[in-house]
Structures are given as structure tokens and as C-alpha cells.
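Note that the structure is a prediction, hence the values are computed from the model and not measured. The analysis underlying the following values was restricted to heavy atoms, covering all of them including side chains, and did not include hydrogens, waters or symmetry mates. Here is the naming used below: chain letters follow the sequence lines, and residue numbers restart at 1 for every chain.
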Amino acid sequence: MKQNAHCPVTATSWRDALCRGDVSAVQLVRDALRMAEEKKDLNAYITLCPDRALRQAEIIDQKRRVGEELPPLAGVPFAVKDNLAVSGVRMTCGSKMLKNFVSPYTATAVRRLEAAGGIVIGKCNLDEFAMGDSTKTSYFGTVKNPGIPGRTAGGSSGGSAAAVAAGTVPFALATDTGGSVREPAAYCGLVGLRPGYGAVSRYGVTAYASSLDTVGVMANTVRDCDTVFSLMAGKDPFDQTTVEGHRGADKNRFRIGIPVAEYENGSVAAAITDAQEQLRDAGCELVPILPAELKELPYAGAIYEAICFSEAAENLQRFDGVRYGYRPEAADSAGDFFAASRSEGFGQTVKARLLFGTYLTGADGVESLRLARRHRTVLRGELLSVLSRVDCILCPTVTQPAPLLASEEERDLLPWSFAAALAGLPALTVPCGSFEDGSPCGVQLVGGAFCEQTLFIIGKLLQE
Amino acid sequence: MEYLMTVGLEIHVEVRTVTKIFCDCPNRFGDEPNTNVCPVCMGLPGALPRFNRAVAQAAIRLGTALGCEIAKVSTFDRKNYFYPDNPCAYQITQYENPICRGGAVPLGDGEKQVPLERIHMEEDAGKLMHEGAITRFDGNRCGVPLLEIVSKPVIHSAEDAAAYVDSLREILTALEVSDCKMQNGSLRCDVNVSASADGVPGVPVEIKNINSVRFMKKAIEDEFRRQCEILSGGGAVERETRRFDEHSGKTLPMRKKETARDYRYFPEPDLPPLRFTDGEIAQLAASLPTLPAKRRETLRGFGLPAADAVTMAKFRPIYDSLCKAVRLGADVRVAAALLSAVLFPLLPPDPSDGTVAPLVSADFPARLAAVCRMETEHKINRQSAKVLLGVVLADDADPVREAERRGLYLISDPDVLSDMIVQVLAENAALADAYRGKKKGSADRLIGAVMKKSGGNADPGLLRTLVQKPEE
């Protein structure tokens with residue numbers, strides 16, 4: 001299946017081709033694996049699982065041969081970020097700590113897509129334990145941006161983005177804790193969904209920040225994101241924080257909240273203006289949002305770091321080398337053993353965040369953490385209040401092109417990505433405009449609680 | 001210098017649910033190492049806890065039995081520390097909002113009670129087995145559900161501490177919450193002991209590694225003595241954790257000096273708050289069986305002496321049978337005496353409600369009542385009653401029919417007895433002379449002889465009357 005500018009690689013079109021008999025599942029999988037191999041230098045994949053994938057493909061082909069009804073993703077190959085568990089396949093989380101860890105079970109989100117006929121062909125590269133925005137912290141090297149030479153694919157889900165943007169698979173699963181799906185999707189010109197917290201099970205997702213982690217999807221079209229989300233979402237007894245209750249969108253005229261703001265980067269400002277006009281032309285009403293309505297927004301980044309890093313410190317404590325994971329050569333005591341395992345197994349960024357997070361959960365720092373939690377509640381209240389008057393908020397996903405491969409730059413982080421995460425709200429990034437060097441730019445739509453369907457409809461307006 | 005002993009007890013109990021507290025692994029003791037494990041209780045990346053509501057139900061039943069306030073909403077927290085038996089390097093427990101607060105444990109059957117701080121739920125850690133230079137980890141026990149019962153530090157003697165533990169074990173067993181086997185670790189006691197003088201509060205020292213109630217008493221007494229010696233010598237007691245050494249009967253410092261840990265308690269983000277409605281709590285309360293203390297009270301109310309009440313209340317099947325028999329007209333003391341003499345010797349080793357139940361059939365209470373009534377109506381004597389009860393237990397026989405078949409009925413006809421008296425006197429000239437001569441002891445010897453002639457079935461009271469007031 002070849003990609004061309006008029007017919008983007010999509011899950012739905014590949015599945016349709018399979019059903020028509022134009023192509024077999026085995027062929028789809030072989031093509032995907034071959035392309036992944038050809039584009040090896042992008043460093044998008046850490047592990048490919050050809051045997052497993054081909055076995056599943058044969059089962060789908062057999063179903064088709066005997067005339068069985070084919071599930072919605074039948075034969076569609078997809079990639080999975082390497083912090084989501086797939087049974088029998090290595091899961092490294094981009095870290096030396098789990099270099100040789102093979103998961104004995106599959107994450108619920110992946111399992112549901114496999115039950116729908118989808119086929120995992122490999123595990124994608126990421127910043128170590130999802131901590132970063134460029135994949136430069138990965139133990140397995142940085143992921144290159146397929147479309148823009150000299151730049152990374154962003155992070156932390158850079159590998160998933162590159163896998164899709166390079167055309168190896170029509171969609172990939174990833175995780176978004178504070179922008180890790182949306183940002184690389186924008187840098188690679190893809191659609192990226194961060195579902196609302198609790199919509200998709202976190203069982204099988206190596207925990208980073210328990211109250212912020214979500215399983216998201218990146219694809220070429222909003223429609224594919226919609227399809228994949230619907231198949232993954234729903235209450236899971238293995239994750240007691242999942243909730244049912246996602247709302248259908250019951251109207252076709254939407255009110256779009258536009259934060260009153262100045263964007264330094266001209267391309268970003270142009271992208272936002274462009275998006276506004278498209279939506280207005282499509283019949284949407286634009287509603288300005290004043291900074292006074294979102295007083296907590298400037299603090300979103302600080303609140304996010306406190307909560308995220310403290311939860312991360314908690315969740316990464318389990319990596320102690322005892323039952324699995326990196327084991328040090330020798331140690332005189334249990335304490336020394338743990339210290340060696342973690343000092344040698346983790347990279348610098350991870351260690352820095354864990355130290356900060358540990359401080360925040362200890363007697364000296366816990367008051368700051370509690371303060372952050374209180375502010376989080378206020379921020380969520382402000383966002384929900386705004387979203388009671390509008391159907392979504394339109395804001396930039398990124399403010400610059402993807403990070404350069406060769407430099408250590410300071411990133412300007414917009415508070416919007418963190419704010420949506422802190423409030424547990426769904427957000428969808430859609431390609432819009434481009435930067436001066438031709439790098440893709442993206443805008444995001446932040447929706448109300450349980451309103452992913454609304455985002456898909458509005459997102460489709462922007463894709464047309 | 002008079003020192004006051006103050007003791008606080010923290011008891012951990014393994015709850016007998018089918019599966020573990022946060023996953024579906026079997027909650028079983030004694031299986032091959034690392035066979036009852038899964039990604040959750042082994043702390044694999046990506047695993048999440050899922051709370052087993054049966055554990056909360058057990059906690060609420062216990063809390064209700066002890067008069068605690070049951071929290072309609074309670075939450076979980078992570079208690080953080082690194083140790084090889086702790087897969088996530090945190091234990092999920094309840095710190096801020098435990099499921100039960102307050103309540104009290106009665107000491108024996110008197111008025112004395114020990115108030116509680118709280119009862120909360122938490123998960124157990126794995127087991128480490130040391131073999132020389134190697135230590136092995138067994139994850140079977142990871143995630144076994146525990147209830148932690150914390151008393152207020154208001155116990156002032158080792159005897160009371162022992163009574164507290166005994167009472168708690170009795171209640172836990174009766175509720176079927178735990179099998180309370182200290183030697184297997186399904187009930188663990190940590191004791192805090194302090195010595196104070198002149199109202200200056202003492203420094204509590206924690207004692208671990210206590211494997212029986214007997215050793216707990218010893219540990220408390222030894223530790224109190226140790227602290228008094230320090231204080232009377234002008235020293236200060238150091239706050240520490242010590243372990244009880246069974247061989248020496250002394251408390252010793254723990255080999256590793258336990259520095260004060262900051263557990264960095266953290267609200268558990270993966271578990272939503274646990275909610276129970278008033279209706280659910282009421283339903284659990286209604287499901288409580290009658291507890292041993294209440295059973296003893298009921299038996300004393302029937303007129304049974306306290307000591308006998310303790311024995312008869314021990315096993316639910318026996319208690320139930322006794323109550324039913326009493327309500328069918330049996331004299332409680334007679335019934336208790338018979339049960340004691342005939343049923344108790346038949347109990348299996350290490351008896352429990354479960355192993356005692358098969359011994360008593362559904363008809364047993366009515367048959368017990370029948371036997372008791374026969375005795376109190378002087379139709380049979382005690383010896384015959386014991387025999388009958390034995391047959392009832394062995395063959396589930398009808399006692400009335402058996403009494404007839406075996407000729408156990410007492411001879412209560414005065415004419416028949418008088419004839420026997422005459423016969424005995426006729427057969428025994430020396431006795432007859434002594435009796436007629438009203439010689440001392442002769443009446444008793446005559447009674448004995450007639451009783452023997454009757455095969456033990458002469459009504460003793462009637463016989464005595466006839467002998468002592470001869471018609472002839």
C-alpha cells in the first residue's frame with residue numbers, strides 16, 4: 001500500500017482494501033515491516049516483532065478465506081510506544097533499566113485493538129520513561145523527524161510519530177502525560193488525540209504520572225483517531241480509575257473559545273488565525289476568552305511539574321533490580337544494591353526528576369506539593385467554567401519547529417498542554433500551517449469532560 | 001519509685017478472603033514459591049491495583065462487632081520504603097482515612113474494655129528466605145490482605161494485654177475473618193511498652209517478633225523491667241525497636257539499627273475512594289453471628305455458672321444445640337454436665353466450629369432435651385443419661401426407645417423397691433440384724449445393697465426414704 005498526497009495512509013482504507021481482497025493481511029504486515037526496516041535510520045522503532053505479527057496476520061487472512069465477518073481493524077498493522085506492554089515482546093521504556101525486560105501480559109488498550117483485528121508490528125522509541133520532549137533522553141538514541149532533516153520527531157512519543165509520518169503504519173499508540181502525544185504529532189504533521197483521563201485503561205502502561213497519564217493515538221486523519229479511540233475506550237475492571245460516560249456530539253454548530261493572546265512566533269499566530277477562519281467559515285461561533293477567566297493558567301507548568309514528578313518518583317520506585325530489570329554487578333547490602341541498580345540503570349533526566357519528586361513527597365517538600373494540588377483544583381474549575389460556555393478551546397500545540405538534533409535548546413512551553421492534562425480534559429491536535437523552514441505546525445482543541453466526539457467533529461472541519 | 005506500665009498494641013491479621021487484596025491471585029498459605037503471583041502483586045511495569053471489596057466487608061464486620069465508627073468513604077495511601085520483599089517499594093495502606101475508627105475490645109466477660117484508635121486495611125509484603133549468602137524472594141504473600149488493629153495506649157498490665165489478644169482472637173475466629181494462627185503469621189502482634197513516673201509520660205519502645213501470647217507477656221514484663229532499671233538509675237529510655245528473644249526471655253536491640261523513617265505517605269492515585277452506603281453497612285451488621293461473649297451472657301442468663309458458660313460457648317454447634325435444648329425444656333446444668341462428660345471427649349484435635357459441626361445432627365438438640373428431661377423427671381439416673389447421650393451421638397438414636405430397650409429406667413415404684421429391700425434383708429442376716437438394731441451405717445449399707453441388686457436403677461431418693469422410714 002503506497003502513500004500518496006491525495007490518499008493518506010489510513011487504517012480504514014487499508015482495512016477496506018483487505019475486505020475487498022485487494023491485499024492480504026500478511027502483505028500489509030510484510031510491507032509495514034519492510035518499510036520500518038528501510039527507514040531504520042529514523043530510529044523510530046526499538047523492537048520489531050515480525051513473527052508475532054505474521055502469525056496474527058495469517059489468522060486474519062484465514063478468517064477472510066472462510067468468509068467470517070472481519071473486525072473493524074482487520075489486518076491493519078500499527079505501532080505501539082515502548083512503554084505499553086505487549087505480551088512476549090520486549091518493553092524497554094527507552095531505558096537501560098528495562099533493556100531486557102519482556103512483558104508477560106498485554107495492555108488493555110492494545111488488547112482491545114488486537115481483538116478488533118489490529119496487528120502490532122513493533123515498539124516505538126521514546127524519551128526515557130516518557131520524560132522529555134525530543135527523545136534525546138532515550139537510551140536507544142534520538143528519533144529523527146521523517147519530514148524535516150536536522151530535527152527530531154519531538155517527544156516523548158517521538159518514535160510513534162515518526163513511525164506514522166514515515167508511512168510504516170497508519171496509526172500508532174502512545175502516551176500523553178503533559179503533551180507527549182500532541183507535541184510530536186504536531187512536529188510530524190499528524191493528528192494526535194489525548195483522551196480525557198479515565199477514558200482509556202492505563203492497565204499495561206508503565207506508569208509515569210498516575211493522575212496525568214493517558215493512552216493516546218496518532219494518525220493521518222481525525223477519522224482514524226476516532227475509530228481507534230472508540231475501540232480502545234471504555235471501563236476496564238483492571239483499571240479502577242476508568243469511567244464510562246462519553247458523550248455523543250448532538251449538534252453541528254459549535255462555539256469555539258479563542259484565548260485572547262499574542263503569539264511571538266509569526267507562524268504560530270498565522271496558524272491560529274487560519275484555524276479560526278476555517279472554523280468560522282464552517283459555521284462556528286468564535287468566543288473570546290479573557291486571561292482573567294484563567295488566572296491559574298500561567299502556573300500550569302509549575303503545578304504540572306510538582307504533581308507529575310512526585311507521582312513519577314513514586315511510580316519508578318519499583319525499579320530496584322530485584323525481580324526484573326537492570327541488575328548491578330555486586331553489592332554489599334540491599335541498600336547498596338538498590339542504589340547501584342538505580343544509579344546505573346537510569347539516565348540523568350530521569351534521576352533529576354525522581355530526586356525532585358522524592359523531595360516533594362518528603363517532609364520538607366510536601367507542603368509545596370499540597371499547594372500544587374490545591375491550585376490544580378482551582379485551574380480545573382476555571383477550565384470547566386470556560387468550557388461550560390464553549391464547546392472547545394482553540395490554542396497552539398507548539399510554538400516552534402521540532403527540536404534540532406544537534407543542539408541543547410531551551411523550549412518555550414505553552415501552558416495549554418499542561419492545563420488540559422491537569423484538568424483531565426481531552427485534547428486533539430490537528431496540523432495547521434507551517435513554520436518558516438517548512439516544518440509542520442499544529443493547533444489543538446481542548447474539549448469538555450467526556451467530549452471526545454465533539455473534538456472529532458470540529459477537528460474534521462479543520463482537516464477539510 | 002513507682003513506675004506505671006503503659007502498653008499499646010498493633011495487631012496485624014491476615015484476612016481469609018479467596019483472593020488477594022489488589023489482584024485475583026489465590027490468597028493461600030503454603031504453596032510453591034512464586035506460584036500465586038501476577039503482574040500486580042509482583043510490581044511489574046504497567047500493573048495497577050484493583051481493590052477486592054470482600055476485604056472491606058470483613059473490616060466492616062469486625063468494626064461493627066467492636067463498636068467502631070464505620071467510614072462511609074475511606075481512601076488508600078502509599079507508605080514508601082525500599083526493601084527486597086516490597087515489589088513496588090511502597091505498601092498500599094490506609095493512613096489518612098481508615099475504614100474504622102474508635103470502638104473497643106472487651107477484656108474477658110467483665111466490664112473492662114480497651115478502646116481502639118482505628119482499624120485499617122493494607123497489603124502484606126513478600127517473604128524473604130535467607131540461605132547463607134543468598135536470600136530468596138517469594139511473592140506469594142505479596143498482596144495478602146491485612147487488617148491492622150491499633151489500640152489506644154491505655155493497657156497497664158501484661159495480663160490485660162494478653163486478655164486483649166485472646167479476646168480479639170476469639171472475635172476474629174467467630175466472625176471467620178481470620179484463622180489467627182500466630183505461629184503461621186496470620187496474626188502478628190507488635191507491642192509498644194513505656195514506663196512512666198509522676199505523670200511524666202514514658203518513651204515507648206516497640207517490640208517485634210512475638211510469636212505467642214505467652215511470649216508477649218514475657219516480652220512486656222521484661223521490657224518494663226529494663227526500662228524501670230534505666231529510669232531508676234537516672235538514665236533515659238531510648239526510642240527504638242527491639243525484638244523479643246525466646247531463648248533468653250529478653251528484649252534485644254534489632255540487629256539493624258532502625259533509624260526513624262519518613263514514609264512519605266502519598267494518596268494512592270490508582271484507587272478511587274472506597275464508598276459504602278448505609279444500607280450495605282447495615283446488611284453487613286445484620287449478618288454478624290452471635291459472638292462468644294454474647295453467647296456466654298445468654299448461657300449465664302439461663303442459669304449456667306460462668307466457668308461452664310465459657311466452655312459451652314466455645315463452639316457454635318455446641319452452643320446452638322444447648323440453647324435449643326434449653327428452650328425445649330432441658331435443665332441447663334444437666335445438659336451442660338452431660339455434654340461435658342460425653343461430647344467433649346469426642347472432639348477432634350484442635351477443634352473448630354467446622355470440625356465440631358459434623359458431630360451433632362439436626363435432631364441432636366431435641367434428643368439432648370429428651371435425655372435431660374428424663375433425668376430431671378427421675379426416670380433415669382445420671383449414669384444412664386450419659387450412656388443414652390453416648391448412643392444418641394454415636395447412632396443418632398431415639399433416647400426414649402433406647403432407654404426402654406436397655407432397661408435404663410429407674411425403678412420408682414415403692415412397692416417394687418420395698419420388695420427388693422425385703423429380699424436383700426432376707427438374703428443377708430448380718431445386715432438385717434444391724435439394720436434392725438439401728439446400727440450406725442447400716443442404712444447406707446442396705447441402700448448400697450439394694451442399689452446393687454437393682455443394677456443401679458433404683459430411684460436413689462425413693463430408696464433412701466423407704467430405708468430410713470421403714471414400714472416394717
Side-chain angles (χ1 to χ4, degrees), chain A residues 83-85 91 93 97-98 101 103-108 129 198 201-207 209-213 236-243 307 310-311 313-325 333-335 337-339 342 358-366 369 373, chain B residues 22-24 33-34 37-53 76-92 96 125-126 128 130 133 135-139 142 255-256 259-275:
Chain A
N83 62 352
L84 277 134
M91 176 167 73
C93 296
M97 178 62 82
L98 294 178
F101 176 77
S103 178
Y105 73 106
T106 299
T108 299
F129 285 105
S201 172
R202 289 181 298 121
Y203 187 71
V205 179
T206 305
S210 314
S211 73
L212 295 162
D213 287 344
D236 179 16
F238 279 56
D239 175 356
Q240 291 184 340
T241 64
T242 51
V243 287
I307 291 173
S310 60
E311 290 179 357
E314 285 283 323
N315 292 324
L316 270 69
Q317 278 169 195
R318 66 188 62 200
F319 301 111
D320 60 9
V322 172
R323 297 162 316 288
Y324 56 85
S333 65
F337 182 92
F338 299 142
R342 295 164 67 79
T358 306
Y359 165 78
L360 284 174
T361 56
D364 290 337
V366 74
L369 180 56
R373 289 184 186 137
Chain B
F22 296 121
C23 63
D24 296 330
N34 295 313
V37 294
C38 75
V40 177
C41 54
M42 285 293 255
L44 295 197
L48 295 172
R50 44 191 193 278
F51 180 65
N52 177 359
R53 224 166 152 82
F76 295 96
D77 300 286
R78 296 180 181 180
K79 177 179 182 182
N80 298 282
Y81 62 95
F82 280 88
Y83 202 67
D85 67 1
N86 191 357
C88 288
Y90 58 80
Q91 174 199 38
I92 301 180
E96 292 288 343
L128 295 177
H130 305 287
T135 297
R136 294 187 192 278
F137 165 80
D138 174 12
C142 292
R255 235 164 290 143
K256 270 243 167 86
T259 44
R261 272 168 159 161
D262 178 5
Y263 288 112
R264 296 167 32 240
Y265 287 97
F266 190 86
E268 173 56 71
D270 293 327
L271 295 171
L274 179 64
R275 297 178 199 276

- Message: I need the A/F238 CZ to B/L48 CG distance, nearest 0.5 Å.
- Response: 10.5 Å
- Interatomic distance, CZ@A/F101 vs CG@B/L44, rounded to 0.5 Å, equals 5.0 Å
- Item | Under 4.5 Å from a heavy atom of chain B, the part of A/F337 involved | neither
- Message: Tell me whether B/D262 contacts the main-chain N or O of A/G362 through its side chain, where contact means a donor paired with an acceptor under 3.5 Å.
- Response: no
- When rounded to the nearest 0.5 angstrom, what is the spacing between OG1 in A/T241 and CD in B/E268? 10.0 Å
- Message: To check you understand the geometry: which heavy-atom pair defines the closest contact between B/R264 and A/T361, and what is its length?
- Response: NE-OG1, 2.8 Å
- Message: Measuring from atom CD of A/Q317 to atom OH of B/Y81, what distance do you get when rounded to the nearest 0.5 angstrom?
- Response: 11.5 Å
- Which atom of A/Q240 lies closest to which atom of B/L271, heavy atoms considered: OE1-CD2, 3.3 Å
- From OH (B/Y83) to CZ (A/F338), nearest 0.5 Å: 8.5 Å
- Item | A/V366 versus chain B, the contacting section by heavy-atom distance below 4.5 Å | neither
- Query: Once you round to the nearest 0.5 Å, how far does CG of A/D320 lie from SG of B/C88?
  - Reply: 9.5 Å
- Message: Quiz question: by atom type and distance under 3.5 Å, do the side chains of B/N34 and A/R323 form a donor-acceptor pair?
- Response: no
- Tell me, for A/Y203 versus chain B, whether the close heavy atoms (under 4.5 Å) come from the side chain, the backbone, both or neither. both
- Could you pull out the closest heavy-atom pair between B/G43 and A/Y324, with the gap in Å? O-OH, 2.6 Å
- Item | Proximal component of A/L98, with respect to chain B [non-hydrogen, under 4.5 Å] | side chain
- Could you go step by step and tell me if B/D270 and A/R202 meet the side chain to side chain contact (heavy atoms under 4.5 Å, CB included) rule? CA-CA 10 Å; B/D270 293 327; A/R202 289 181 298 121; 2.9 Å; yes
- Closest non-hydrogen atoms of B/A47 and A/Y105, given as atom of the first, atom of the second and distance, are N-OH, 3.1 Å
